[in-house]
Every structure is written in structure tokens, then in C-alpha cells.
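Counting from 1, the numbers follow the sequence of the chain as shown. Because the structure is predicted, anything quoted here is derived from the model rather than measured.
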Amino acid sequence: MKPKPIAPIVTAMFLLFAVLSFPSAASADLRRAQTIELKEGWNSVFLEIVPDDPSLDAVFANTPVTMAAAYYPKNSSVSFIQDPDEKPWKKEGWSQWVPADRPEAIVNDLFNLQSNQAYLLYSTTDFVLYLSGSSDFRLPDWKPDSFNFLGFYVDPDDPPTFSQYFQGSDAHDARIYRLEDNHWKIVAYPGIDKIQPGEAYWVWCDGPSSYPGPLQIDLPGSGAGLYFYQEITRLRFSIENRSESPLTFTLELMPNLGGDPAVPLWILHKPSFLEEELVPFTTYAPDVPLGPGEEVKIELYVRRASFNVDEVSSLMKVTDGFGDLYYLEVWAEK
């Protein structure tokens with residue numbers, strides 16, 4: 001039997017209350033891993049998760065990482081970039097960390113790692129850093145007429161080229177720099193060179209932009225995930241093609257580690273213009289690709305009769321034909 005959606009105004013009020021009262025719905029089932037391969041010297045890293053213990057002292061304990069720096073833009077724009085050996089963190093907007101046993105640690109102003117954040121890391125030797133933590137979906141926040149220090153969520157098995165990723169944006173030209181052998185070098189062949197997961201770049205933004213990549217995901221509420229609080233049975237979100245080419249995508253509810261129950265969901269299916277039905281959701285892909293600028297609405301319902309614990313959670317994997325890869329939090333209360 002199709003669940004009855006609650007009134008829109010009640011939904012909006014409860015979403016606001018939920019966001020303010022429950023800033024994080026993460027649980028063990030929302031955890032995933034990120035592997036970062038560090039080279040000796042400077043590394044430009046994009047962190048996709050919130051580590052279980054985000055303290056830099058904890059993350060980099062017993063590792064060869066001896067310095068970390070992050071750029072938090074303030075009022076001024078970045079019109080040029082410096083190589084790490086030129087110590088850019090001495091300028092406004094930079095924060096740094098070194099181990100507590102070094103005298104310079106007294107001026108540390110970077111203490112915790114954040115997801116969706118770019119970092120410069122100095123490693124004394126080649127090293128593989130294994131991290132685990134929770135996903136935290138956020139769209140890029142572009143600073144206009146400036147270089148932006150950031151990375152992108154891409155499929156490690158089939159990442160896009162820079163040209164493929166930015167084909168739908170007029171604000172991003174070929175001024176993209178990647179770190180190689182401790183020096184920033186321009187991406188000379190954006191139609192050939194591929195974006196790498198976990199790597200951060202300096203990308204010029206010409207004027208204001210809200211470009212999210214070829215695939216734009218608009219989520220309800222806080223925009224960080226799909227949260228079915230007690231009074232919420234239905235959630236809707238949209239996916240839009242921001243590229244200049246037809247786009248297909250796939251949604252997949254990931255199985256939970258340790259055999260914990262996943263969030264049981266229905267998806268609203270419309271076999272024809274006059275028909276609609278609820279069917280169990282595990283995966284979804286549109287019948288035909290989205291044209292440039294086209295959008296599709298996804299409507300999900302939680303099946304609370306299918307679980308008897310206080311809360312359940314899962315990750316939803318989102319992929320498309322351009323090499324984007326996102327993980328969305330899905331969480332439900334009994």
C-alpha cells in the first residue's frame with residue numbers, strides 16, 4: 001500500500017528541526033575507506049571522508065608525514081600560486097600543522113582533518129595512508145576570479161579527463177595546475193590528462209560559478225544526505241545533467257559491512273504517464289539518458305515495517321557515464 005506523504009509544511013518544519021537538532025546522522029554503516037598514496041616530498045591531497053579520529057596528531061602518528069597545510073580562502077582572491085617549497089602558508093588564508101614534538105608546533109593553527117578539503121602534505125618517504133571514516137557530500141564552493149584549491153569525486157577505475165569534467169562550464173578554462181615533483185605544473189593536455197581521485201588541484205574560476213560537475217545532485221534539507229527522521233516517510237531529490245552531452249547515471253544502495261540491515265526503501269516508479277507504483281529499491285537507472293540541462297526527480301519512501309531496530313543506515317553509490325562517483329548517506333529512524 002502506498003504510504004501517505006505528510007503535508008509539505010509539516011515536512012519543511014520537521015526538516016528544519018531535524019537539521020538543527022541532529023547535525024550528524026552518521027553511524028558505523030556510513031563509514032567507508034580512502035587510500036592515499038604519498039610520494040616522498042610534497043603531496044596535494046583531496047580528502048573525501050571525515051576520519052574516525054580527525055585529529056592530525058592521531059592521523060599522522062607513526063607516519064612519515066611531518067607537515068600539513070590547508071588553504072581557507074578569505075576575502076582576497078588567489079591570482080597566482082606558489083610551489084610548496086616557497087612556503088605559501090606564510091600568507092593569509094593558510095593554516096598549518098607539524099608534529100607536537102617540533103618547536104614550530106607552537107604556531108599550529110590546523111588541528112583536525114575535514115572532508116571535501118584539499119591539503120598539502122609533506123612526507124619524508126613514499127607511504128600509503130589508509131583512512132576510514134564517514135562520507136559527507138557537499139557541492140564545490142567556487143571563489144570567483146580566483147584559483148581554487150580543491151579535488152573531485154571521480155571513479156578510480158574510469159576517471160574523466162579535465163575537458164570531459166568541465167565541458168558544461170564557461171567559468172573554468174584550461175588554467176588547471178597539478179603538483180609534480182614539488183612544483184605546480186599546468187595541465188597541458190586537459191583532453192587527455194585524467195582527474196585522479198584523492199588528488200587536489202589549483203583550478204581557475206572566471207567569474208561566479210556554482211558548477212558541480214557533469215552531474216548535479218540536489219538533496220533535501222541540509223543537502224548532505226537522505227535522512228528519514230521519525231516523521232518523514234518520503235524524500236525527493238533531483239539529478240540534473242550539467243554537461244553538453246547525454247548523461248546516464250546509476251543509483252545503487254550498498255550492502256552494509258558486517259551484515260547489518262540496509263535501509264529498506266521503495267522507489268516511485270512510473271510505468272506510463274498515467275501509472276505509478278512503489279517498488280523495492282536497490283538500484284535505479286533512467287530508461288533513457290538525460291539530455292543537456294535535463295533533470296529527473298527521484299522519490300524514495302522508507303519501509304519502516306521492514307526493520308525493528310531504532311535506526312538503520314546505508315551508503316548510496318551514484319555513478320554516471322563521465323566517471324563521477326559519489327557516496328550519499330541514507331539513514332532512517334524507526
Side-chain angles (χ1 to χ4, degrees), residues 44 46-48 71-82 88 93 115-118 136-156 158-180 184-219 223-224 237-250 286 288-298 318-326 328:
S44 181
F46 177 64
L47 198 61
E48 298 181 3
Y71 181 67
Y72 299 102
K74 300 183 188 291
N75 295 326
S76 60
S77 298
V78 179
S79 58
F80 65 94
I81 57 176
Q82 295 176 279
S115 64
N116 300 281
Q117 178 64 45
D136 182 17
F137 174 78
R138 271 183 285 163
L139 296 174
D141 183 16
W142 294 102
K143 187 173 182 61
D145 301 316
S146 176
F147 279 108
N148 291 253
F149 189 33
L150 74 175
F152 307 97
Y153 292 89
V154 297
D155 188 342
D158 188 23
T161 66
F162 289 92
S163 294
Q164 287 174 324
Y165 190 88
F166 287 110
Q167 65 170 283
S169 174
D170 294 329
H172 303 92
D173 58 19
R175 281 181 288 177
I176 303 170
Y177 288 81
R178 75 188 325 159
L179 189 61
E180 297 180 9
W184 292 107
K185 298 180 181 180
I186 196 164
V187 175
Y189 304 102
I192 298 175
D193 293 336
K194 295 188 174 185
I195 298 174
Q196 297 302 314
E199 184 176 0
Y201 310 91
W202 284 106
V203 182
W204 180 260
C205 183
D206 190 13
S209 175
S210 60
Y211 185 68
L215 179 146
Q216 178 168 332
I217 306 172
D218 288 318
L219 298 172
F237 65 101
S238 64
I239 291 182
E240 180 182 352
N241 179 7
R242 292 289 299 271
S243 76
E244 297 176 346
S245 306
L247 178 143
T248 185
F249 67 89
T250 301
V288 295
L290 299 180
E294 288 188 344
E295 179 186 71
V296 63
K297 300 286 187 182
I298 311 294
V318 184
T319 55
D320 63 19
F322 289 104
D324 292 304
L325 189 156
Y326 300 99
L328 308 180

_Straight-line distance of L150 CG to D141 CG, nearest 0.5 Å_ = 10.0 Å
*For residues F152 and F162, establish whether the separation of their ring centroids is below 6.0 Å.*
no
*So do the side chains of P160 and V154 get within less than 4.5 Å of each other, counting heavy atoms only?*
yes
*Apply salt bridge (Lys or Arg N to Asp or Glu O under 4.0 Å) to E180 and list each qualifying residue two or more places apart in sequence or on a separate chain.*
none
_Any residue meeting side-chain contact (heavy atoms from CB on, under 4.5 Å) with E240, in chain and number order, not counting sequence neighbours_ = Q216, R242, E295
*Apply side-chain contact (heavy atoms from CB on, under 4.5 Å) to P156 and list each qualifying residue two or more places apart in sequence or on a separate chain.*
P197, L325
_Given 3.5 Å as the limit, does a donor-acceptor pair link the side chain of T250 with the main chain of T319, or not?_
no
*asked:* Other residues, nucleotides and ligands only: do more than 12 of their heavy atoms fall within 6.0 Å of CG on D218?
replied: yes
*asked:* S169: which residues meet the side-chain hydrogen bond (donor to acceptor under 3.5 Å, both in side chains) condition with it, sequence neighbours left out?
replied: H172
*Can you name the nearest heavy-atom pair linking G198 to E48, along with the distance?*
N-OE2, 3.8 Å
*Looking at residues at least two apart in the chain, or sitting in another chain, which of them share a side-chain contact (heavy atoms from CB on, under 4.5 Å) with S44?*
L120, F149, L179, W184, A200
_Contacts of Q117 that satisfy side-chain hydrogen bond (donor to acceptor under 3.5 Å, both in side chains) - sequence neighbours left out_ = none
*Just wondering, do L215 and I239 contact through their side chains at under 4.5 Å, heavy atoms?*
yes
*Side-chain (R138) to main-chain (S115) donor-acceptor, under 3.5 angstrom*: yes
*P212 to Y165 - nearest heavy-atom pair and separation*: O-OH, 3.2 Å
*Could you state the interatomic distance from CD1 (I176) to CZ (F166), rounded to the nearest 0.5 Å?*
5.0 Å
*Atom of D320, atom of L247 and distance for their closest heavy-atom approach*: OD2-CD1, 4.0 Å
*Keeping to residues at least two apart or across chains, list the side chain to side chain donor-acceptor pair (under 3.5 Å) pairs with something in residues 198-213.*
R178-E199, R178-Y201, E199-Y201
_How close do F322 and P214 get, counting heavy atoms only, and between which atoms?_
CD1-CB, 3.8 Å
*Tell me, do D324 and F249 make a side-chain contact under 4.5 Å, heavy atoms counted?*
no
*Apply side-chain hydrogen bond (donor to acceptor under 3.5 Å, both in side chains) to N241 and list each qualifying residue two or more places apart in sequence or on a separate chain.*
S243
_For residues 143-153, which residue pairs pass the side chain to side chain donor-acceptor pair (under 3.5 Å) check, not counting sequence neighbours?_
N116-Y153
*Spell out, as yes or no, whether a donor-acceptor pair under 3.5 Å connects the side chain of Q167 to the backbone of E244.*
yes
_From I195 atom CD1 to S163 atom OG, the distance as rounded to the nearest 0.5 Å_ = 9.5 Å
*Contacts of Y72 that satisfy side-chain hydrogen bond (donor to acceptor under 3.5 Å, both in side chains) - sequence neighbours left out*: Q114
